[in-house]
There are 2 protein chains.
Amino acid sequence: MNILEKITNELDMLSKSERKVAEVILASPSTVIHSSIAALAKQANISEPTVNRFCRRLDTKGYPDFKLHLAQSLANGTPYVNRHVDENDSAEEYTDKIFESTMASLELARKSLDANDVNRSVDLLTQANKISFFGLGASAIVAHDAQNKFFRFNVPVVYFDDILMQRMSAINSRQGDVVIVISHTGRTKSLVEVASLAKENDATVIGITTKGTPLAKECSIVLTVDVCEDTDLYMPMSSRIAQLALIDVLATGFTLRRGSKFRDNLKKVKDSLRSSRFERKD
Amino acid sequence: MNILEKITNELDMLSKSERKVAEVILASPSTVIHSSIAALAKQANISEPTVNRFCRRLDTKGYPDFKLHLAQSLANGTPYVNRHVDENDSAEEYTDKIFESTMASLELARKSLDANDVNRSVDLLTQANKISFFGLGASAIVAHDAQNKFFRFNVPVVYFDDILMQRMSAINSRQGDVVIVISHTGRTKSLVEVASLAKENDATVIGITTKGTPLAKECSIVLTVDVCEDTDLYMPMSSRIAQLALIDVLATGFTLRRGSKFRDNLKKVKDSLRSSRFERKD
DNA sequence: TTTATTATGAAATAAAATTTCATTTTTTCT
DNA sequence: AGAAAAAATGAAATTTTATTTCATAATAAA
C-alpha cells in the first residue's frame with residue numbers, strides 16, 4: 001500500500017511528536033527522501049529517536065527502509081494526479097496536464113467500480129431482449145458509443161439523446177429489456193424520470209452514475225463511476241472518458257460471455273468494413 | 001530516467017569490477033534495495049568503495065541515493081501496459097485490464113502528440129469563421145463530442161457523421177473555415193475525399209489520425225494520436241478515448257487563448273443548466 | 001621493458017541510524 | 001485533586017553504514 005496514504009490513515013494513532021513528523025513528510029515528501037534522519041528531526045522540531053519510532057509504527061524496519069517505501073510511493077503516486085490547468089500554461093503544459101488528469105480519473109474510476117456489479121450487468125445484458133442506452137449532453141456521446149458497440153453484437157439496441165424519445169421508449173419497455181441510463185451528476189430530472197418510468201414497466205434499469213444520486217436510487221444496478229469532481233467543473237471531461245471505458249468493459253464482458261463462436265461473427269462485421277478503406281501498403 | 005535502463009546502457013563504460021556490481025543489481029534489483037553497501041560488495045565479490053564508485057558513475061550522490069533511485073525505478077517498473085483480455089478472465093480481471101490498457105494508450109498518445117501542432121491548431125481554431133468536425137463510426141462519437149464542447153464557446157460549429165452531409169459541407173467550405181477530420185485508421189476512403197474536398201476549397205484541414213496515413217497527407221496539420229494497434233483489433237476502444245482526450249486539450253487551449261472574460265461566459269452556460277437538475281442536499 | 005594511467009581494496013574516517021536509559025508528560029485510578 | 005502507572009520523549013552512547021584516503025595491483029601506452 002502507498003505509504004503516504006498509510007500515514008494519512010494512521011494520523012490519529014500517532015503521538016503528538018510523531019504527528020509533527022508526519023506533517024513534515026506529507027508537506028514535502030520529495031524533500032524528505034533526500035534528508036537524513038537528523039535533518040528531518042530538526043525540521044519537525046523533535047528528536048531523532050522519535051523519527052525512528054515513527055518509521056517503525058508504519059511497519060518499516062527503520063528510517064532508511066521508510067525512505068525506500070516513500071520513494072516508491074512517490075514514483076507511483078506523482079505521475080497521474082489531477083493537475084489543474086493554469087492561465088499561463090504552454091501548449092505542452094496543458095496537454096500534459098489534461099492527459100495526466102484523465103489517466104488519474106480512470107484510475108479513480110476503476111477503484112470505484114464494483115466487479116460484482118459489472119458481472120451482474122453483463123449477465124443481464126447477454127439475456128436482454130432489447131438494450132437501450134439513454135444519456136443527455138456529454139453522456140449522450142457515451143450512449144451513442146455504447147449503441148455503436150452493441151450494434152456489432154447483432155442484438156436489438158437503441159440509443160436516444162432526445163428527452164421525448166427517451167420517455168416514449170421507456171414507457172414502451174417491458175420485462176426482459178435492459179435500460180442503461182448514463183448521467184455523471186445523476187441529477188438531471190428528465191433522466192431520473194425516464195429511469196423511473198422504465199422501472200415501472202418492469203425493465204431492468206442499470207445506472208452509470210455517481211454513488212448516492214437520485215438516479216442511483218431508481219436503478220436495479222448502479223455502476224459507480226466516481227471521478228474527481230473539479231475536473232468536470234466547466235465541462236464534463238474526465239467523467240465521460242471513464243464512462244466510455246466502462247462501456248468497453250461491458251462490451252468486452254458481453255463478448256466473453258457469448259463465447260468464441262460469437263467472436264467470429266464480430267470479425268466478420270469488421271472484415272466487411274475493409275472494402276471501404278484504402279489498403280495498407282506494408 | 002529509469003536507473004535500470006541506465007545501468008544497461010552504460011554497461012560498457014564500466015570497469016570490470018563495476019560491471020560485476022551491475023550484474024548483481026540487474027539480476028535481482030529488489031534484493032539490492034534492502035542490502036547494505038557491504039552486503040552488495042560481498043555479493044559481487046568486490047570491495048565497498050567499488051560499489052560506491054559505481055553509484056557515482058551513474059550520477060547518484062552515493063549508495064543510499066542510488067538505492068532510492070533503484071526503488072523508484074522498481075515502483076515504476078510495471079506502470080500501465082496493454083494487458084490482453086483472456087477468454088477465462090473474471091469480471092474483475094477484464095475490468096482491470098481494460099482500464100489499464102486505456103491508461104497505457106493515453107500515455108502513448110500523449111507521447112506521440114506534438115505540442116507545436118496543438119498550439120498551431122488552437123491558433124487556427126480561435127480564428128476560424130466556422131469549425132466543422134467530421135468522423136465516421138467510432139470517430140463520429142469523437143466529432144459529436146467536439147461539437148458539444150465547442151458549441152459552448154458560442155462559435156459556429158457543425159458536426160456530421162453522414163457521408164453525404166460531410167461532402168456537401170466540405171464543398172461549401174471556404175477560406176477561414178477549419179475542418180477537423182477524425183479517423184483512427186486514416187484510410188476510410190470517403191473521409192479522405194472529404195478532407196481533399198475541403199482542402200481544394202481553401203479550408204484549413206486538421207487531421208486527428210495516425211501518422212503517415214492517406215488522410216494525414218491531405219491535412220494542413222496532423223494531430224498524431226498513436227495508440228497500440230491491437231487494442232483496436234475488433235473494436236475501436238483506446239484510440240477513440242485518446243482522441244477524446246485530445247479534443248479536451250483543444251477545447252482547453254481554446255478557452256485559455258480566449259482569455260478570462262470568455263471563461264465567465266462559459267460559467268454562465270453551465271449555470272443555466274442547473275435548473276434542470278435536482279439540487280444537491282449537502 | 002619501462003612508465004604512466006587507471007582500477008582496486010584495506011584501513012581510517014566520517015556520517016547516519018539505532019539503542020539505551022533517564023526525564024518529562026500524560027493518563028488512570030483512588 | 002493528587003498519587004501512581006503508563007506512555008512519550010530526547011540526550012548520549014553505541015552500533016551500523018557509507019565514504020574517503022592512500023598504498024598497491026592491474027592495465028595500457030610509449
Side-chain angles (χ1 to χ4, degrees), chain A residues 3 6-74, chain B residues 3 6-74:
Chain A
I3 195 119
K6 193 166 183 176
I7 295 174
T8 316
N9 286 343
E10 305 207 352
L11 213 56
D12 21 82
M13 319 289 188
L14 299 174
S15 74
K16 210 195 305 174
S17 305
E18 284 169 349
R19 204 166 310 144
K20 280 191 203 170
V21 185
E23 276 157 19
V24 171
I25 293 166
L26 291 173
S28 172
S30 54
T31 316
V32 173
I33 58 171
H34 296 114
S35 310
S36 69
I37 193 168
L40 176 56
K42 203 174 169 193
Q43 266 270 300
N45 266 306
I46 45 81
S47 72
E48 299 177 28
T50 302
V51 175
N52 199 276
R53 282 187 286 258
F54 166 85
C55 297
R56 298 242 168 101
R57 203 176 292 268
L58 292 157
D59 302 312
T60 63
K61 287 168 80 181
Y63 184 66
D65 188 43
F66 169 78
K67 282 213 291 188
L68 238 51
H69 281 265
L70 189 59
Q72 294 197 312
S73 298
L74 287 181
Chain B
I3 196 117
K6 193 165 184 176
I7 295 174
T8 317
N9 286 343
E10 305 207 353
L11 213 55
D12 21 82
M13 321 288 190
L14 299 175
S15 76
K16 210 196 303 175
S17 305
E18 284 169 352
R19 204 166 310 143
K20 281 191 202 169
V21 185
E23 275 154 19
V24 171
I25 293 166
L26 290 173
S28 173
S30 54
T31 317
V32 174
I33 58 170
H34 296 114
S35 311
S36 69
I37 193 168
L40 176 56
K42 202 174 170 192
Q43 266 270 299
N45 265 306
I46 44 81
S47 72
E48 299 176 27
T50 302
V51 176
N52 200 276
R53 281 187 287 260
F54 166 85
C55 296
R56 299 238 168 105
R57 203 176 292 269
L58 292 157
D59 302 312
T60 62
K61 288 168 81 182
Y63 183 67
D65 189 40
F66 168 80
K67 283 212 293 189
L68 237 50
H69 280 265
L70 189 60
Q72 292 197 313
S73 298
L74 289 180

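Within every chain, numbering begins at 1; the chains are lettered A, B, ... in the order of the sequence lines, protein sequences first and strands thereafter.
- Taking atom OH of residue B/Y63 and atom C1' of nucleotide C/dA15, one finds them 16 Å apart after rounding to whole Å.
- Judged purely by atom type and a 3.5 angstrom limit, B/K67 has no side-chain atom pairing as donor or acceptor with the backbone of B/I37.
- Picking from D/dA12, D/dA18, D/dT9 the nucleotide with the shortest atom distance to the side chain of A/S17 gives D/dT9.
- Closest to the A/P49 side chain, of the nucleotides C/dA17, D/dA8, D/dA12, is D/dA12.
- Between the P atom of D/dT16 and the NE2 atom of B/H34 lies a distance of 19 Å, rounded to the nearest Å.
- A/V51 places none of its side-chain heavy atoms less than 4.5 Å from the side chain of A/F66.
- Remark: the backbone N or O of A/A71 is paired with a side-chain donor or acceptor of B/Q72 at under 3.5 angstrom.
- Between A/D59 and A/K6, the closest side-chain pair of non-hydrogen atoms falls below 4.5 Å.
- B/V21 is not listed as a side-chain neighbour of B/L14, based on a closest heavy-atom distance of 4.5 Å or more.
- With rounding to whole Å, B/I37 atom CD1 is found 8 Å from D/dT19 atom C1'.
- Within the 4.0 angstrom heavy-atom criterion, only backbone atoms of the sugar-phosphate kind lie near A/R56; the bases stay farther away.
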Every protein N/O within reach of nucleotides 24-28 of chain C N/O, cut-off under 3.5 Å:
{"from": "C/dT26", "atom 1": "OP1", "to": "A/K16", "atom 2": "NZ", "distance (Å)": "2.9"}

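- A rotation axis mapping the C1' atoms of four pairs onto the next four is fitted at both ends of the helix from C/dT1-D/dA30 to C/dT30-D/dA1 over five pairs, and the angle between these axes is 30° to 10 degrees.
- The closest side-chain heavy-atom distance from A/D65 to B/H34 is below 4.5 Å.
- Along DNA chain D, the nucleotide nearest to A/M13 and the one nearest to B/D65 differ in position, and the one closer to the 5' end is contacted by A/M13.
- Atom CD of A/E18 and atom P of D/dT9 are 6 Å apart (whole Å).
- Taking atom CZ of residue B/R53 and atom C1' of nucleotide D/dT21, one finds them 11 Å apart after rounding to whole Å.
- In this structure, the CG atom of A/N52 is 15 Å from the P atom of D/dA8, given to the nearest Å.
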Test salt bridge (charged side-chain N to carboxylate O under 4.0 Å, His left out) on A/E18 and A/R57 and set out the steps. CA-CA 10 Å; A/E18 284 169 349; A/R57 203 176 292 268; 2.9 Å; yes

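- Considering only heavy atoms from C-beta on, A/V24 stays 4.5 Å or farther from A/N45 through its side chain.
- Phosphate contact (OP1/OP2 of C/dT8, side-chain N/O of B/S15, threshold under 4.0 Å): present.
- Between A/I46 atom CD1 and D/dA7 atom C1' there is a gap of 17 Å when expressed in whole angstrom units.
- Here the side chains of A/L58 and A/F54 are in contact, with some heavy-atom distance below 4.5 Å.
- The separation between A/E48 atom CD and D/dA13 atom C1' is 13 Å, rounded to whole Å.
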